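To start, the structure itself, in structure tokens.
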Amino acid sequence: MLNRDQINYCLDEIDKMFPEAFCELRHNNPFELVIAVLMSAQCTDALVNKVTKTLFEKYKTPEDYLAVSLEELQEDIRSIGLYRNKAKNIRKLCELLLTEYGGEVPCERDELVKLPGVGRKTANVVVSVAFGQPALAVDTHVERVSKRLAICRWKDSVLEVEKTLMKKIPKEKWSKTHHQLIFFGRYHCKAQSPQCEICPLLDLCREGKKRMKSKKGA
DNA sequence: AACTCGGGGCA
DNA sequence: TGCCCAGAGTT
């Protein structure tokens, strides 16, 4: 397992690789952020950005989403995939916001996860990005990179990964760490074809060295 | 823990 | 053409 200094070194190196690693959604208001993150499940960010751009021009408030039929909303987000469930969740979510939360997105993670389609990862992104609270969202990229780099254990659950990262990384870095590991995982330490040959972290990466070794043998 | 949703992007 | 993708809900 990597110690704090080694993890810090990794994050600095990743920062050099992806200096632009920030969330494009940070400029959105909390409501739009919830919608965007909810739609991003199992879908590439480029596609979500394309769809949300037009979507947010048409829909500004929870009332706007409820003013059209479910079928119309489904058609508006069809290209992101899983669109039937996502459209239903958005409508339910908007109803709840109006009836239970005064039309505003709650800033507490415990309240956010009560909303349909909002799980722990989405809630963490929202409190972190929209409300500036220290939170570390763990998705498949963060989980994979953390395990390959031995920041956490291989068998750790998502929740255990989150706890370990929070323990080993200073609180003020949590929000940025998420986006750094996302970029690193998506463009470099990819699930299927990690770029170990040109990776500045190879010396620290047990999984990377193992891969290079087996590649050489084969 | 496994299954489902799902069109788009990429090899 | 086949396979995977910024997850969450249900069984």
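What you see is a predicted model; the values in this text were computed from it and never measured. Throughout, protein chains are lettered first and strands after them, A, B, ... in sequence-line order, and every chain is numbered starting at 1.
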Can you check the [X] [atom1] to [N] [atom2] distance for me, whole Å?
X        : N      : atom1 : atom2 : value
A:Glu75  : B:dG6  : CD    : C1'   : 14 Å
A:Arg84  : C:dA8  : CZ    : C1'   : 17 Å
A:Tyr83  : B:dT4  : OH    : P     : 18 Å
A:Leu82  : B:dC3  : CG    : P     : 17 Å
A:Lys190 : C:dC4  : NZ    : C1'   : 13 Å
A:Asn85  : B:dG7  : CG    : P     : 12 Å
A:Lys88  : C:dT10 : NZ    : P     : 12 Å
A:Asp139 : C:dA8  : CG    : P     : 9 Å

inquiry  = Here's a test of your reading of the structure: between A:Ile182 and A:Pro116, which maps to the more 5' nucleotide of DNA chain C?
reply    =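 The residue mapped nearer the 5' terminus is A:Ile182.
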ask   = Of A:Gln192 and A:Val118, whose closest DNA chain C nucleotide lies nearer the 5' terminus?
value =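 So the residue in question is A:Gln192.
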Output yes when a side-chain donor or acceptor of [X] lies under 3.5 Å from a complementary backbone atom of [Y], and no otherwise.
X        : Y        : value
A:Lys173 : A:Asn8   : no
A:Lys147 : A:Asp156 : yes
A:Gln133 : A:Cys107 : yes
A:Arg109 : A:Val127 : no
A:Glu75  : A:Glu72  : no

inquiry  = Rounding to an integer number of angstrom, what distance separates C:dA6 and B:dA1 when you compare their C1' atoms?
reply    =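 C:dA6 and B:dA1 have their C1' atoms separated by 23 Å.
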query = How far does the P atom of B:dG6 sit from the matching atom of C:dT10, given to the nearest Å?
reply =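 Taking atom P in both B:dG6 and C:dT10, they lie 14 Å apart.
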Taking only side-chain nitrogens and oxygens of [X], does any of them come within less than 4.0 Å of OP1 or OP2 of [N]?
X        : N     : answer
A:Thr140 : C:dC5 : no
A:Arg186 : C:dC5 : no
A:Thr122 : C:dA6 : no

ask   = Hey, which of these two, A:Ala41 or A:Thr44, hits DNA chain B nearer its 5' end, going by closest nucleotide?
value =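 Closer to the 5' end of DNA chain B: A:Ala41.
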ask   = A:Lys50 or A:Cys43: which one's nearest nucleotide on DNA chain B is closer to the 5' end?
value =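 Its nearest nucleotide being more 5', the pick is A:Cys43.
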query = Are A:Val113 and A:Val125 grouped together when hydrophobic residues (ILVMFWY) are joined by side-chain heavy atoms under 4.5 angstrom apart?
reply =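 In one cluster with A:Val113: A:Val125, no.
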Sugar-phosphate only, base, or nothing, as touched by [X] at under 4.0 Å among non-hydrogen atoms:
X        : result
A:Val142 : nothing
A:Leu38  : nothing
A:Ala191 : sugar-phosphate
A:Leu47  : sugar-phosphate

task = Could you please name the option among B:dG6, B:dG7, C:dA6 that lies closest to any side-chain atom of A:Ser79?
result =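 Taking heavy atoms from C-beta onward, the closest nucleotide is B:dG7.
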